[in-house]
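Heavy atoms only: backbone and side chains are in, while hydrogens, waters and symmetry mates are out. Since the model is a prediction, treat every value here as computed from it, not as a measurement. Each chain gets a letter, A, B and so on, in the order its sequence line appears, and its residues count up from 1.
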Amino acid sequence: MDLRNYLKKRIYLFFLVPPLMVLTVFLLIPLAILLQYSFSTHIPGQGLKMVFTLSNYLRFVTDKYYLNGLLITLGTGLLVVIITLLFAYPVAYLYSKASFRYRGLLLIMLLSPFYTNVIVKIYGWMVILGRQGIVNKMLINYNLLERPFEFLYSYIGVIIIMVYVHVPMMTLLLIGPIQNIKDSWIESARICGARNLDVIKNIILPLSVPGILSGAIIVYTAVIAAFIIPLLVGGDWGKRFISVMMYTHINVTQNWAFASTIAVILIITSLSIIITFSRLVKSMKVGVLVSEKFNR
Amino acid sequence: MAFVEIKGLKKTFKNLVATDIDHLEIEEGEFVSLLGPSGCGKTTTLRCIAGSIEPDGGSIFVRGREITHVPIYKRKLGLVFQDYALFPHMTVFDNVAYGLRYRDISKAEVKKKVSEAFELVGLVGFEDRYPHQLSGGQQQRIAFARSVVYEPDVLLLDEPLSNLDFKLRKAMRFELKRMQRQLNITTIFVTHDQQEALSLSDRVVVMNEGKIEQIGTPNEIYENPISVFVADFIGSTNIIRGVVTHCDVAKGIYEVRLSSSPTISIPFKERVKVGEEINFIIKPEKIDLGRTPRGEHAVEGKISGASYLGSAFNYQIRIGELKLEALDSQVDYRNRYEIGDSIFLTFDPEGVKVLRR
C-alpha cells in the first residue's frame, strides 16, 4: 500500500520521461559531442582527430579576427533587441488597448509573417531594398538621394531585416504583461498628480518589464544564432558575424573541431549574458508584481 | 459659493444619457453620497469630476475654481477605486507617497506625512510590504491613505467598500466615517448600497437615469421619499397603487380600491381627494400584526412567507392579489405565525405616506 501511495504521488515523474528522453537524445548528447569535438583537432585531408587539446580555444582567444567577430555578434544582438523593442512596444500597447474587433485583425497581421519562410522574407526585402528597389526609387524621386544607397550587402541591411523578422515575436511576448496593466492604476497615478510621461515612467514601463525581459532574451538568442541573414545580405560585413564564421568552418574548410569551439564559446558567452541580465532586472524588484499573487 | 458646485453637467454615450445634472452644491467638509442603481450615472458623474471623462457640457467648480477642462493631474483631487488600484510593483510606503512626488516638498516632510497617513489608517509597521501581501481591507485602507496624504480638495470614493465581505464592510463603514471626520475632508461617495449611503452621509443624492431624483439628509430620504423610485430604492417598503373611493375625514381613514385586489381601509394624515389615483408607501416596520382584529379598520390577510432574521421576523402577507411585507420586531419565537395563518393588519398612520409620482 505504501509503495502504491508513493508511486501515486510521483506519477508526474512518469510524464517527464518522454520529454527528458527527447532532450537527452537531441540536445544533451549532441552538446556533449560538440564539447568533445571542440577539444579535438582537425587535420586537413584527414578530418577530425580525437585528441585532447586546447589549441582551438587558444587560437580563438589569440586571434583578433574571432574576438572581434564575437564582439560584433553580441553587439548586434543588443542593437537589434533595442530597435525591435522600439518598434514592437507601441504595437503591443495599441493591441492591448484596441477593441475586440481590431484585436483579431491585428493578431492576424502579427502572426502572418510566421507562415513565411525566413529565406522568402529575406529575398522579399532584397527586392525592396535593392538598387532598383522601391525604397531607393522613392528616395531619389523625392530628391532625398542622388544615387541609390547600398542597403544590401552592408550592416544596415542586416539590421533592417533582423528587426523585421523579430518584431512580431517581440510584440506577442509584450502583449500579455501590457494587457495586465489596469486602467485604474493609470488613472490613480494621474489623479495623484502624474503627467503622461510620469505615468509611462512610473507605471507602464515598470509593469511591462516581464514582457520586455522575455522578449529581449528570446530575440537576443535568435539574433546571435542567426547566420542566414548576415550570410545572404551582409556582404563582406556578414563574414564578420561569428555565426557565419562557424558556418564557413563547417561547410568550406570542413574544420568541425574549430567550428565546435566557436559554438561552445558562443553558447557560454550568450548564456552568461542572459543570466546576468535577468539577475540584474530581478534585483530591481520589478518581478514581484506577477499578477496571480496580486489580490484581484 | 459652495465648496463644490456642479452646473448643467451632461454626458451622453451613443444617444444614452449617462449624466444630466442641473445643479448640485456640496459644502466644505460635507460627506455626500451619489446613490442609485447601476447605470444611473453616479459613476459617470464622479468620473467627470475626477477628470477621466470629459463631459459634453456644463461646469464643475471646486473652491470657486472651474476645473471642468483642467487636466486630471492638476485637479487636486483624491480618488479611491473599487479595486483599490494599488500599484503592485511598489511597496505600500511608495504607494502612499506617490502623490507627494508631484508636490514640492522635502524628503523629511514626505516621510512625516506618509507616517501620519499610516497612523490615520491604523497600519503602522506595514510600510515595507507589497500590496499583494495585504488583505482586502488593508489594501482598502492603503488606497484611502494614498488618496488623502497630499491633502486633496475633494476625496472621491468609487464604491470602495463593495469588494469587501459583509462583516468587514460594516467595520470599514465606521472606519471610513471616522477618518473622514478626523480629516474633515469634503467627500463624494458613489454607491449602490442604500445602507452605506444612509449610514455614512451628511446628505444623499439619489440618482435615476442620469438625473437627480432627490437630495436630502439620510433621514429625509428615508422618511420622506418624494417619488416611488426613491421609496423603492431606499428601503424595503410596500408600495400600493389604488384609487381613493371614500374618505372619513373625522377618523382619518380612507378607503382605497386597489388595482390588484378588493378595497381596503388605510389611515393617514395627508389630505387626498376621492377619485384620485395615488401610491401609498407603507413601511414594513409600521404594520401591526395580530390574530384578532385590533380596531374596526383592521385588514385581513394570509401569511405567505416568513423568514427569521434573529432580531425580527420578516413576513410576506397576501391580501387578495396584493403582496405586503411586514417586519415584526417583537419576536416571540414560540408564538410566531406560520405560512397559511390568517392574520389581521393595522396600519400606523405615521408609517403611511402618499406619493403622487
Interatomic spacing from [atom1] in [X] to [atom2] in [Y] - rounded to 0.5 Å:
X        : Y        : atom1 : atom2 : result
B:Arg146 : A:Ser188 : CZ    : OG    : 4.0 Å
B:Leu86  : A:Lys182 : CG    : NZ    : 9.0 Å
A:Ser184 : B:Phe87  : OG    : CZ    : 9.0 Å
B:Ser147 : A:Ile191 : OG    : CD1   : 8.5 Å

Assess whether atom [atom1] of [X] is packed by more than 12 heavy atoms of other residues, nucleotides or ligands within 6.0 Å.
X        : atom1 : answer
B:Arg178 : CZ    : yes
A:Lys201 : NZ    : no
A:Phe114 : CZ    : yes
B:Lys10  : NZ    : no
A:Phe277 : CZ    : no
A:Leu197 : CG    : no
A:Arg10  : CZ    : yes
A:Phe87  : CZ    : no

Test side-chain contact (heavy atoms from CB on, under 4.5 Å) applied to A:Ile203 and B:Met90, step by step: CA-CA 9 Å; A:Ile203 312 294; B:Met90 294 184 195; 4.1 Å; yes

Closest non-hydrogen atom pair between B:Tyr102 and A:Asn202, with its separation: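 Closest heavy-atom pair between B:Tyr102 and A:Asn202: OH-ND2, 2.6 Å.
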
Closest approach of B:His89 to A:Leu207 (non-hydrogen atoms, all atoms of both residues):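 B:His89 and A:Leu207 have their closest heavy atoms at ND1-CD2, 3.5 Å.
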
Modelled atom types, side-chain donor and acceptor of B:Tyr73 and A:Asn196, under 3.5 Å: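 Not at all, the side chains of B:Tyr73 and A:Asn196 share no donor-acceptor pair under 3.5 Å.
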
Selection from B:Arg103, B:Arg75, B:Lys76 maximising heavy-atom pairs under 4.5 Å formed with chain A: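 Ranked by contacts with chain A, first place is B:Arg103.
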
B:Lys74, part contacting chain A, at a heavy-atom distance under 4.5 Å: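 Just the side chain, heavy atoms under 4.5 Å.
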
Under 4.5 Å from a heavy atom of chain B, the part of A:Asp198 involved: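 Both backbone and side chain.
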
Student check: side-chain heavy atoms of B:Phe81 and A:Glu187 closer than 4.5 Å: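 The answer is yes, as the side chains (C-beta and beyond) meet within the 4.5 Å cut-off.
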
